[in-house]
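Data first, discussion second: the structure below is written as structure tokens.
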Amino acid sequence: MCSEEEPVLNPAEGALRLGVLVSGRGSNLEAILDAIKQGKLSARVAVVISNKKDAPALERAARYQVPALFLDPTHYSRREEYDAAVLQQLKEFGVELVVLAGYMRLVTPTLIQPYHDRIINTHPSLLPAFPGMHAQRQALSYGVRVSGCTIHFVDEEMDHGPIIAQASVPVFEGDTIEQLSERILAEEHRLLPQVLQLYAEGKLTVDGRKVHIQESASTRSAR
Ligand code: GRF
């Protein structure tokens, strides 16, 4: 029996299996894990893979009792070989959708092709402005009044694939990189789980550069 207070969705067996690739802090990973725990995201994190041994994201995964592993890039001479090893792990854990959550590494076609339109990235700028590293610093140096985050499908160009959702934040006079990053990060934490839920519900379709979102009352706020 379900009471009204109980979450509508449960991270049950059979829910969308996520593979989350990380490099650092892992606050976006935690936002995903929290959304699952709260019943707002009908998915499970099948595996977390880090390319950095000491990534705090690995500790966060452990706290949520989610399988997590470090794959050492220095053991592979080419990016493609590393991605083949990542791919093998994703397959072993039955991953259906890959999330790049603060993954500071370029992904190659070795990974992108088998997961075509099934890799989602979060980037801390309003793409196509300020792709690449240090997006917040780039935004401040350029003098923009508005920045934000972009959740997009990954294609073979960096920070380029079809845009699913964006959220804007103001840039204030005298903002530091840390202040702007924090403001953007709060939007990433809100938007990324929402986008993943749209995917889990089969509401996203990709048509060239355009992503169509099947409308419902609950999805309008994610746009
Ligand atoms: C996020 O702002 C993400 O967009 C960028 O790096 C940050 C990662 O933060 N690529 P975290 O590791 O999820 O805390």
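Both counts, for ligands and for their atoms, begin at 1 and track the order of listing. Because only heavy atoms are used, hydrogens play no part in the values below, and waters and symmetry mates are left out as well, while side chains stay in.
In terms of modelled atom types and a separation under 3.5 Å, the side chain of Y64 and the main chain of K37 share no donor-acceptor contact. Between the Q166 side chain and the G148 main chain, no donor and acceptor come within less than 3.5 Å of each other. Side chain of D83 to backbone of T110: no donor-acceptor contact under 3.5 angstrom is found. No donor-acceptor pair closer than 3.5 Å links the side chain of S168 to the backbone N or O of S147.
What sits closest to atom 6 (O) of ligand 1 on the protein, heavy atoms only, is G102 CA, 3.9 Å. Of the protein's non-hydrogen atoms, R25 NH2, 3.0 Å is the one closest to atom 9 (O) of ligand 1. Protein heavy atom at the shortest distance from atom 1 (C) of ligand 1 is E188 OE2, 3.4 Å. Residue, atom and distance of the protein heavy atom nearest to atom 5 (C) of ligand 1 are P124 CD, 3.9 Å.
Taking only nitrogen or oxygen atoms, main chain and side chain alike, G26 reaches within less than 3.5 Å of ligand 1.
Residue contacts with ligand 1, taken as heavy atom pairs separated by less than 4.0 Å, involve L185 solely via side-chain atoms from C-beta onward.
Residues P162 and V206 approach most closely at CG-CG1, 3.9 Å, considering heavy atoms.
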